[in-house]
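Input: a single structure, listed below in structure tokens.
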Amino acid sequence: MDFEFDIQTMILLFIFGNLFIALLITAYRFHSHKDVASTMFIRSKWLQVLYWCSILIWDYVPHFIAIPLSNALILGGGCLEIIALLMMMGMMGRKVKLYYLAITVCSTISFCIIAVFFNHSSFRIASASLWVIMFVIYPAHHLTTNKDGSPLQRMLGLLYYCFAVIMLARSAVALIWETEMNVFTANLAQHLYYLGMYLLLTLGTAGFILLSNESSYETLKRMATYDEMTGILSRRAFIVEANLKLARAAKKMNYVTLLLLDLDHFKKVNDTYGHDAGDRVLKAFARTTQSQLGNGDLFGRVGGEEFAVLFCSVA
């Protein structure tokens, strides 16, 4: 049985797929915390809906308007989706922002030059494909090389790498073998392109949602493990970790030392200088004590001005 790949059917699938995802995440966030990353991700889906819709009206709108608009929509939508992913993982630093700002400006300028001086479908496809590689290569590299990353993050990184390879092949085909190629041309490179877009639509969205849950779990774990004010172990976390250390020390016949500390006259500091001054005293004490401990020692806040240290560096 011959396999037929209908591009117009795929475009409709992308329209309704992105639309459903945007509506689903919007509904999910209706009564929950509205973080910036999820907002960016939803906006990226709406831009991608508009992009796929714009392709279907190319025959009814002048190409000098429709084509630049479509490319701006897909580059903007893809960029927002990647930025949302990076923000979710806390990777959106100043250098990354400058990088994406630079490639957004450069891709816009290069496409305008091609539209004015080399306005041919194969050149437009090759240019857009190469700039997409620049957008996805950073998260692909970071997700696959991050030693602290989860298996889910590495799988997403590999997905981005695969998509970058597909876009490189599509660009080469458009420039060398299929010089009359456009978005509706049916060839192997196009089939792989739409397959890659489908994988990004499904697996990319699932990955973003799972990363969101992973990030929320890590946040809750940090809140439960560390004292909010001083940044050291909370009472419960200290007891749990101390029990594990003591069991390991007993098994290896190692010595441990438990030190209980209480700041004398701390109430007088609060009464005289105010609670803000008292908080600064606690932070300074915790910071100073932490700097004197070994990597294997435990340090926790077990009460208001009460602290505990378990010396077990040899364990």
Side-chain angles (χ1 to χ4, degrees), residues 1-25 41-61 63 65-82 84-85 107 111 120-133 135-136 139-140 155-156 158-175 177-209:
M1 183 175 66
D2 294 333
F3 174 75
E4 287 192 19
F5 193 94
D6 185 60
I7 292 178
Q8 289 192 339
T9 302
M10 288 296 297
I11 290 174
L12 291 174
L13 174 65
F14 292 137
I15 291 173
F16 289 107
N18 283 291
L19 179 63
F20 175 75
I21 290 169
L23 293 174
L24 185 66
I25 298 179
F41 189 80
I42 293 171
R43 290 175 180 172
S44 77
K45 291 303 169 184
W46 283 114
L47 287 177
Q48 290 176 58
V49 169
L50 293 175
Y51 163 70
W52 294 111
C53 288
S54 71
I55 291 179
L56 297 179
I57 62 172
W58 275 13
D59 293 335
Y60 310 100
V61 178
H63 280 193
I65 296 176
I67 293 176
L69 176 63
S70 295
N71 278 270
L73 288 171
I74 189 57
L75 287 175
C79 183
L80 283 182
E81 183 170 337
I82 291 172
L85 177 70
S107 62
F111 191 82
H120 193 278
S121 61
S122 61
F123 288 118
R124 293 194 301 266
I125 287 176
S127 174
S129 299
L130 291 174
W131 281 113
V132 167
I133 295 174
F135 278 100
V136 303
M155 287 181 62
L156 277 177
L158 290 174
L159 175 62
Y160 279 122
Y161 266 131
C162 290
F163 189 68
V165 172
I166 290 172
M167 297 305 287
L168 182 62
R170 184 173 183 248
S171 177
V173 169
L175 289 175
W177 293 287
E178 194 85 37
T179 56
E180 298 300 322
M181 181 173 164
N182 58 55
V183 292
F184 294 106
T185 300
N187 56 35
L188 179 60
Q190 285 286 84
H191 294 170
L192 290 175
Y193 164 69
Y194 286 108
L195 177 61
M197 293 295 287
Y198 179 74
L199 289 176
L200 285 180
L201 172 66
T202 54
L203 300 182
T205 301
F208 178 83
I209 294 173

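Just so we're clear, the structure is a prediction, and the values are computed from it rather than from any experiment. Values below: every heavy atom of this structure, side chains too, minus hydrogens, waters and symmetry copies. Residue numbers start at 1 and run along the sequence shown.
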Where [X] and [Y] come nearest, the two heavy atoms and their spacing:
X	Y	answer
Ala164	Val136	CB-CG2, 3.9 Å
Gln48	Gly77	NE2-O, 3.7 Å
Ser171	Ser129	CB-CB, 4.0 Å
Gly196	Ile166	CA-CD1, 4.2 Å
Leu80	Ser44	CB-CB, 3.6 Å
Ala172	Trp177	O-CE3, 3.8 Å

- Query: Could you walk me through whether Trp46 and Leu23 pass the side chain to side chain contact (heavy atoms under 4.5 Å, CB included) check?
  - Reply: CA-CA 9 Å; Trp46 283 114; Leu23 293 174; 4.0 Å; yes
Are any of the side-chain heavy atoms of [X] and [Y] separated by less than 4.5 Å?
X	Y	result
Leu201	Phe14	yes
Leu56	Leu12	yes
Leu130	Ile133	yes
Met197	Met10	no
Ile55	Tyr51	yes

- Task: Verify side chain to side chain contact (heavy atoms under 4.5 Å, CB included) between Val165 and Leu192, making sure each step is shown before the conclusion.
- Result: CA-CA 10 Å; Val165 172; Leu192 290 175; over 6 Å; no
From [atom1] ([X]) to [atom2] ([Y]), nearest 0.5 Å:
X	Y	atom1	atom2	value
Tyr194	Ile11	OH	CD1	4.5 Å
Leu19	Leu50	CG	CG	10.0 Å
Ile74	Phe135	CD1	CZ	10.5 Å
Phe163	Arg170	CZ	CZ	8.0 Å

- Should we count OH of Tyr198 as having more than 12 external heavy atoms under 6.0 Å? no
